[in-house]
Every structure is written in structure tokens, then in C-alpha cells.
Undergrad: 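Dropping a structure here in C-alpha cells format, bear with me for questions.
Throughout, numbering of the chain's residues begins at 1 and tracks the sequence. The shown structure was predicted, so the numbers you read here are calculated from the model rather than taken from an experiment.
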Amino acid sequence: MSGTGHTETAGVAGEPACPEPIRRALAAHTTMTLAYGDEDGPQACAVLYATGGGPAGGGDRMAGSGGAPGGSGPDPVLYFVTATTTRHGRALAEPGARVAFTVQRDGQEWSELTGLQGRGRCRTLSGAERAAGWRAYTGRFPFVGQSDRLRDALERTTLWELRPDWLRLIDNGQGFGHKEEWRRA
């Protein structure tokens, strides 16, 4: 504990690294605002995402800290779809590119505000990694498979993995300014 209402957890080998409340919060939402920088400066965009799941997210599995999507490791991984031809796709594809993101539900009262802040790196997926990530994505968004047109379009679009290295859960329902943080070991 460092400060009132603030917990910080770092991953330990062999133990779940990311606290369950953070994993549950990631699994409870579907849209993140992704912030990045490019030659024109900072920018943000909203994308739909799926988690690998693990215990907090139902039947899907969460990718491990060193494994492919679909693994059983404790560290969170987010999957989203966007073309590499978009402004954010080009920025994310740059070597060493880092992103920041937020996840929250709209229309909350400030005294009950709950959301996540995070930072990490993105990469495109291919082959078996893409297939495993795609299963997590379509499991989260079954409507994708119900529309031939949408499924065909998204299957031709790049699937990305966002691997957070820092996450902060804010939960004012537990007290104003209550925070829980995690850093990838």
C-alpha cells in the first residue's frame, strides 16, 4: 500500500501478476480509447477490444506474458482490429511505438466512477497467433460471425495485440480516488 486507497502490484514468477479486480474491469468493457503519437502530434481513437479472458473473462483464455494468444498466463492482453492504412495503424506499426489507453463506461456518476488507464505496446498478429486472437475477438463479439459481409471485411483487416505494461484501476465506489495499479514484471 502506498498512500490512501492505492495498491500497487508487480508480477512475481509463478503467481498471477495482474490483480483480479483489474482483470474483471478489463473484461467488463468492450471499447477503449487508444492514444498514440505520430509526426502530426498526439491523437486518440476508439476501438472495440477483447481480452484473452482468464478467470475474469469467461470461456476465453488470457495470453501469457511470453506466450501466444490463447495461452493460460496471468498477464492481460487486448485484441483489436484496425487497418494498417489508418492514421493510428501507421503510428502503431512504427518500431518502438507506445500507446496509452482508457476504458470506462459512459454516463457514470463521479462518486461511482470506475475505469482503467493503461500503457503498453501493440503488434500485429499472424498465423496461429492471429487465429487464437481472432477466436477471442469473435467470442467477445459474436455479431461479427453472424454477418458474412462484416466477418469477411474484418478477416481481411489487421488484428492487433496490445500488451499492457502498466494498468491503473480507478474505483470511486470504494472511496474517492481509490486506485489499484499493476506493472508487468
Side-chain angles (χ1 to χ4, degrees), residues 1-38 40-66 69 71-82 87-88 91-92 96-123 136-137 140-141 160-185:
M1 215 36 130
S2 58
T4 304
H6 179 93
T7 304
E8 189 164 333
T9 305
V12 177
E15 294 180 17
C18 187
E20 192 65 21
I22 292 176
R23 292 164 51 127
R24 274 194 309 269
L26 282 170
H29 299 284
T30 59
T31 307
M32 73 173 146
T33 301
L34 190 60
Y36 60 91
D38 65 11
D40 292 328
Q43 185 72 18
C45 63
V47 296
L48 295 176
Y49 75 91
T51 63
D60 299 329
R61 303 290 297 186
M62 188 169 297
S65 58
S72 59
D75 293 346
V77 176
L78 310 177
Y79 305 107
F80 65 96
V81 176
T82 196
R87 180 178 175 185
H88 55 278
L92 299 177
R98 294 197 36 85
V99 298
F101 63 94
T102 62
V103 173
Q104 70 281 326
R105 188 182 79 244
D106 286 341
Q108 298 183 70
E109 296 291 328
W110 75 265
S111 61
E112 297 294 319
L113 180 70
T114 300
L116 290 148
Q117 301 170 342
R119 291 189 298 262
R121 295 188 186 278
C122 298
R123 68 182 184 107
Y137 193 83
R140 183 67 179 268
F141 303 109
W160 296 79
E161 171 191 88
L162 167 52
R163 198 170 281 271
D165 51 43
W166 173 80
L167 291 166
R168 174 185 288 154
L169 171 66
I170 299 168
D171 187 353
N172 283 355
Q174 294 190 44
F176 180 71
H178 176 85
K179 297 175 184 81
E180 187 166 351
E181 291 188 7
W182 168 81
R183 293 183 192 280
R184 186 174 300 275

Undergrad: Can you list every pair that meets salt bridge (charged side-chain N to carboxylate O under 4.0 Å, His left out) and has a residue in residues 97-112, with sequence neighbours left out?
TA: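 Qualifying pairs, neighbours excluded: Arg98-Asp165.
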
Undergrad: Of all heavy-atom pairs between Arg184 and Pro76, which one has the smallest distance, and what is that distance?
TA: NH2-O, 3.3 Å

Undergrad: Asp40: what forms a side-chain contact (heavy atoms from CB on, under 4.5 Å) with it, not counting sequence neighbours?
TA: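 Partners of Asp40 by the side-chain contact (heavy atoms from CB on, under 4.5 Å) criterion, ordered by chain and then number, come out as Asp38, Arg87.
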
Undergrad: What are the two closest heavy atoms between Phe141 and Ala50, and how far apart are they?
TA: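 Phe141 and Ala50 have their closest heavy atoms at CE1-N, 4.3 Å.
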
Undergrad: Within a strict 4.5 Å, meaning less than it, do heavy atoms of the Tyr49 and Val103 side chains meet?
TA: yes

Undergrad: Using side-chain contact (heavy atoms from CB on, under 4.5 Å) as the criterion, list what pairs up with Leu113, not counting sequence neighbours.
TA: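 Result, side-chain contact (heavy atoms from CB on, under 4.5 Å) vs Leu113: Gln108, Asn172.
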
Undergrad: Which pair of heavy atoms, one from Cys45 and one from His88, lies closest together, and at what distance?
TA: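 The answer is SG-CG, 3.5 Å.
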
Undergrad: Rounded at 0.5 Å granularity, tell me how far CZ in Arg183 sits from CD in Glu181.
TA: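 Arg183 atom CZ to Glu181 atom CD measures 5.5 Å (nearest 0.5 Å).
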
Undergrad: Rounded at 0.5 Å granularity, tell me how far CZ in Arg119 sits from CZ in Arg168.
TA: 8.0 Å

Undergrad: Can you confirm whether Gln117 sits close enough to Ile170 that some side-chain heavy atom of one is under 4.5 Å from a side-chain heavy atom of the other?
TA: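 In contact.
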
Undergrad: So do Tyr79 and Arg140 actually touch side chain to side chain, heavy atoms under 4.5 Å?
TA: no

Undergrad: What is the distance from atom CG of Leu167 to atom CG of Leu116, rounded to the nearest 0.5 Å?
TA: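 Reported to 0.5 Å precision, the distance equals 6.5 Å.
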
Undergrad: Measuring from Leu78:CG to Arg163:CZ, what's the distance to the nearest 0.5 Å?
TA: 10.0 Å

Undergrad: Of all heavy-atom pairs between Cys18 and Asp75, which one has the smallest distance, and what is that distance?
TA: N-OD1, 4.4 Å

Undergrad: Taking the side chain as everything from C-beta on, heavy atoms only, tell me whether Trp182 gets closer than 4.5 Å to Leu169.
TA: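 No; the side chains remain at least 4.5 Å from each other.
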
Undergrad: Is the side chain of Trp160 donor-acceptor paired with the backbone N or O of Thr82 at a distance under 3.5 Å, no angle test?
TA: yes

Undergrad: Tell me every residue that passes ring pair (Phe, Tyr, Trp, His ring centres under 6.0 Å) with Tyr36, counting only those two or more places apart in sequence or in another chain.
TA: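 If we apply the ring pair (Phe, Tyr, Trp, His ring centres under 6.0 Å) test to Tyr36, skipping adjacent residues, there are no hits.
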
Undergrad: Between atom OG1 of Thr114 and atom NE2 of His29, what is the distance when rounded to the nearest 0.5 Å?
TA: 7.0 Å

Undergrad: Tell me the closest heavy-atom pair linking Phe80 and Leu48, and the distance in Å.
TA: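 Between these two residues, the closest heavy atoms are CB-O, 3.2 Å.
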
Undergrad: To the nearest 0.5 Å, what is the distance between CG on Leu162 and SG on Cys122?
TA: 4.5 Å

